[in-house]
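Computation of the quantities below employed the complete heavy-atom set of this structure, encompassing side-chain atoms and omitting hydrogens, waters and symmetry-equivalent molecules.
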Amino acid sequence: FFGKKKTKNVEEISDNLIINTNEQPENLKPNQVTLRNVVKGLAKTGAKAIQKLFPETKIILHESTTEFERFAPANNRAGNRGFYDTNENVIHIDLNKASATTVPHEIFHATLLSKIKTNAEAAKLAENMMRSVRKALPKNSPLARRIDEFAAKYDDQPDLQNEERLAELMGIMASEYTQLTKPQKN
């Protein structure tokens, strides 16, 4: 997708962001178009933000689930909105399933995993970071419940749960930034 040769059915947004338009859906409802535009906007902002720090990290927005699944690992297909391919250093997003938190969530994974070389190191760092976040959140916090509910999807992978909590927290913060109060933004 990102070579010098132009690829068919690809809309190049920037050096590190493209949209795979293969099998582009027709007759989308207005709310679907709105959400896609939000996700695309967040992807543009995110791609620009990481371009200098992580110039090799790329983002591909897939217009169709079929196209997304061509690139997704077998264990990452059903129901997932996006994933970060550590081998290729590419974030893949399924525009049919993505929410406003998906792109920043996956950018967090890319950022964290680009600096840490082993799963054990990632798990330890995520645990320490999550411990700090927990101290800052009030008891019975709706935000804490929200990220815990998300992490519950990873009950079968306990070493990933804190990383998923943090990634979802980053996604929430990025997608809802304008709605946060000044103290919450700090």
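Within the 3.5 Å criterion, the main-chain N or O of K29 finds a donor-acceptor partner in the side chain of Q32. A donor-acceptor pair under 3.5 Å is formed between the side chain of T21 and the backbone N or O of N9. Looking at R145, its side chain does come within 3.5 Å of a backbone N or O of N140 through a donor-acceptor pair.
Side chains of L61 and N20 form no contact here, defined as non-hydrogen atoms less than 4.5 Å apart. T57 places a side-chain heavy atom less than 4.5 Å from the side chain of I91. Between L143 and I172, the closest side-chain pair of non-hydrogen atoms falls below 4.5 Å. Side-chain contact check for H92 versus E69: every heavy-atom pair is 4.5 Å or farther apart. In this structure the side chain of N96 reaches within 4.5 angstrom of the side chain of P25, judged on heavy atoms. The side-chain heavy atoms of H62 and D94, taken from C-beta on, include no pair separated by under 4.5 Å. In this structure the side chain of V39 never reaches within 4.5 angstrom of the side chain of T102, judged on heavy atoms. Looking at heavy atoms from C-beta onward, I93 lies out of side-chain contact with R81 at the 4.5 angstrom threshold.
Rounding to the nearest 0.5 angstrom, the gap separating the CD1 atom in I147 from the CD atom in E168 is 8.5 Å. One distance of note links OG1 of T86 with CD1 of I116; it measures 13.0 Å at 0.5 Å rounding. To the nearest 0.5 Å, the span separating CD1 on I19 from CD1 on I59 amounts to 11.0 Å. The CZ atom of R70 lies 13.5 Å from the OG1 atom of T65; values are rounded to the nearest 0.5 Å. Atom CZ of R131 is separated from atom CE of M129 by 12.5 Å, given to the nearest 0.5 angstrom. Annotation: the span from E127 atom CD to R134 atom CZ amounts to 12.0 Å, rounded to 0.5 Å.
A single hydrophobic cluster is not seen to contain both M170 and Y154; linkage of ILVMFWY side chains at heavy-atom distances under 4.5 Å, directly or through other members, places them apart. F150 and M173 fall into different hydrophobic clusters, defined by Ile, Leu, Val, Met, Phe, Trp and Tyr side-chain heavy atoms under 4.5 Å apart, directly or through other members. Linking Ile, Leu, Val, Met, Phe, Trp and Tyr residues whenever their side-chain heavy atoms come within less than 4.5 Å leaves L160 and L125 in two separate clusters. Residues V103 and I50 share a hydrophobic cluster, clusters being chains of Ile/Leu/Val/Met/Phe/Trp/Tyr side chains in contact below 4.5 Å. L169 is connected to L137 through a chain of hydrophobic side-chain contacts under 4.5 Å among Ile, Leu, Val, Met, Phe, Trp and Tyr, so both are in one cluster.
There is no side-chain donor-acceptor pair under 3.5 Å between T66 and S64.
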**OP:** Show your reasoning for whether ring-ring contact (aromatic ring centres under 6.0 Å, His included) applies to F83 and F68.
**Re:** CA-CA 10 Å; F83 75 98; F68 171 79; 5.7 Å; yes
For a quick test of your reading: what N or O donor-acceptor pairs under 3.5 Å do the side chains of residues 106-114 make, sequence neighbours left out?
residue : atom : partner : partner atom : Å
E106    : OE1  : Y84     : N            : 3.3
H109    : ND1  : E163    : OE2          : 2.6
H109    : NE2  : H105    : NE2          : 3.1
H109    : NE2  : E164    : OE2          : 3.2
T111    : OG1  : I107    : O            : 2.8
S114    : OG   : A110    : O            : 3.3
S114    : OG   : T111    : O            : 2.9

Atom pairs and distances, side-chain donor-acceptor, residues 40-47, under 3.5 Å, sequence neighbours left out:
residue : atom : partner : partner atom : Å
K40     : NZ   : E63     : OE2          : 3.4
T45     : OG1  : G41     : O            : 3.1

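Looking at K124 and E121, no side-chain N of the basic residue comes within less than 4.0 Å of a carboxylate O on the acidic one, giving no salt bridge. Of the charged side-chain nitrogens involved, none lies within less than 4.0 Å of a carboxylate oxygen, so that D15 and K48 do not count as a salt-bridged pair.
Every side-chain contact (heavy atoms from CB on, under 4.5 Å) that D155 has, sequence neighbours left out, goes to A152, Q161.
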